[in-house]
Chemist: 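Structure in structure tokens, see below.
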Number of protein chains: 2
Amino acid sequence: VTVQTPAERRRARVREELMTSALRRFERDGYDRTTIAQIANDANMSTRSFFRYFADKEEVLFPDNEALISATERLLSASIAAGHTPWDAVFAGLEAVAVEMEQSRARLQVRRRVIESNAALSGRQQVKYLEWQRRIRGRLDEDGVPEHVGHLVVAIGFGVWREAYRRWLDGAETDDAAPGHALVDHLHDVRHELIGLISPTPT
Amino acid sequence: VTVQTPAERRRARVREELMTSALRRFERDGYDRTTIAQIANDANMSTRSFFRYFADKEEVLFPDNEALISATERLLSASIAAGHTPWDAVFAGLEAVAVEMEQSRARLQVRRRVIESNAALSGRQQVKYLEWQRRIRGRLDEDGVPEHVGHLVVAIGFGVWREAYRRWLDGAETDDAAPGHALVDHLHDVRHELIGLISPTPT
């Protein structure tokens, strides 16, 4: 999404390594029982160094994604300015987020298992989703999309996202979900299916 | 939804009174700072009596709705058995829930403010929504609806519900939302708008 300096790239790589080793611990020992000292130790790092990369244990599961949110907001505005419908604009935003995540499927599968096994983490994730939705709605509002339209397309966009994300992490669950079916492909499938499912049946 | 005995009716009325007085406290003093002793006292009741109606403070905000969920499940199955599409069946379920809530708008407005001012409660509410969705998906699955269809119609139904519920609690936000516009009317509005919003634009 954005051009990174060598220092930023290194930092991003270390963060990913820490996330990967922390997730392994969370899955094996449970999130609540895992300490930051253990996570740091697994990555051959001091506890003090850990805090150069993450503010706390929770941030390892829910890393700051301000850069991605901002980029998505800019894309939304460009799409609306180009005359696309609010739904097309939101969908373009979802596609961009999907592209960013394509390489992280294995890690995100473990992350999902960890979050789903812990009610507090499930709640935290849902609150994160609500924050994302609020940001996107705010941007649509600034771009002149009527409030009730913005709310609805964001809520539905989120529903489409959730289902595409689920299928992607689950692997082959529908006929055409070959292994390697990308998240962005699932997004398109779900969008297409949705139109068929909710269209009034001929009477 | 179900026929109540006089004792059940009385119990339901006391629970509603406790909810109303607890919500007043939560809004004024904050959820975390309110004690069960205060809630009971406001309702001229002992702390011990409070526990005959609710297991804990949280249950006042998130009361058990097993009866409503079960009734919704039965309605879903009847709708599928009658040959309706999964989307029509889910929508019928949402309508039934809406009808149950129509009389509680003022209380639900206070409840929303309390929940939204507290991150932990927001998370708790989202987890409740996920539990509802899991139940409904489970029932659709038993009724022979393919898994990926069930997931999608429930996710979209939830998006439609959320937006209709928001409009209903907000009051007049769209042109046709006259004061007294019922939740079930908002549901129909949102369902209708959704079709227009996501339909492919002619090229």
Chemist: Mind checking salt bridge (charged side-chain N to carboxylate O under 4.0 Å, His left out) for R112(A) and listing every partner two or more places apart, or none if nothing turns up?
Modeler: D170(A)
Chemist: Any idea which heavy atoms bring A155(A) and G159(B) closest together, and the distance?
Modeler: CB-O, 3.9 Å
Chemist: Given E163(A), which partner from the list L152(B), V154(B), V153(B) fulfils the side-chain contact (heavy atoms from CB on, under 4.5 Å) test?
Modeler: L152(B)
Chemist: To the nearest 0.5 Å, what is the distance between CD1 on I198(B) and CH2 on W87(A)?
Modeler: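 Reported to 0.5 Å precision, the distance equals 6.0 Å.
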Chemist: Under the salt bridge (charged side-chain N to carboxylate O under 4.0 Å, His left out) rule, collect the residues that match up with E59(B), sequence neighbours excluded.
Modeler: R15(B)
Chemist: Report, in residue-number order, which members of residues 115-139 of chain A are under 4.5 Å from chain B by heavy-atom distance.
Modeler: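 If one takes a 4.5 Å heavy-atom cut-off, the residues of residues 115-139 of chain A near chain B are A119(A), S122(A), G123(A), Q126(A), V127(A), L130(A), Q133(A), R137(A).
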Chemist: Identify, with sequence neighbours excluded, every residue that meets salt bridge (charged side-chain N to carboxylate O under 4.0 Å, His left out) alongside R113(A).
Modeler: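 For R113(A) the salt bridge (charged side-chain N to carboxylate O under 4.0 Å, His left out) partners, ignoring immediate neighbours, are E27(A).
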Chemist: Looking at H84(A), R162(A), R191(A), which makes the most heavy-atom pairs under 4.5 Å with chain B?
Modeler: R162(A)
Chemist: Quick one: NE2 on H148(B) to NE2 on H186(A), what's the gap to the nearest 0.5 Å?
Modeler: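 Taking NE2 in H148(B) and NE2 in H186(A), the distance rounds to 11.5 Å.
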Chemist: Considering residues, nucleotides and ligands other than Q103(A), do more than 12 of their heavy atoms fall under 6.0 Å from its CD?
Modeler: no
Chemist: Counting heavy atoms not belonging to R11(A), are there more than 12 under 6.0 Å from its CZ?
Modeler: yes
Chemist: Select one option (side chain, backbone, both, neither) describing which atoms of V160(A) are under 4.5 Å from chain B's heavy atoms.
Modeler: both
Chemist: In Å, rounded to the nearest 0.5 Å, how long is the span from CD of E193(A) to CD1 of I156(B)?
Modeler: 11.0 Å
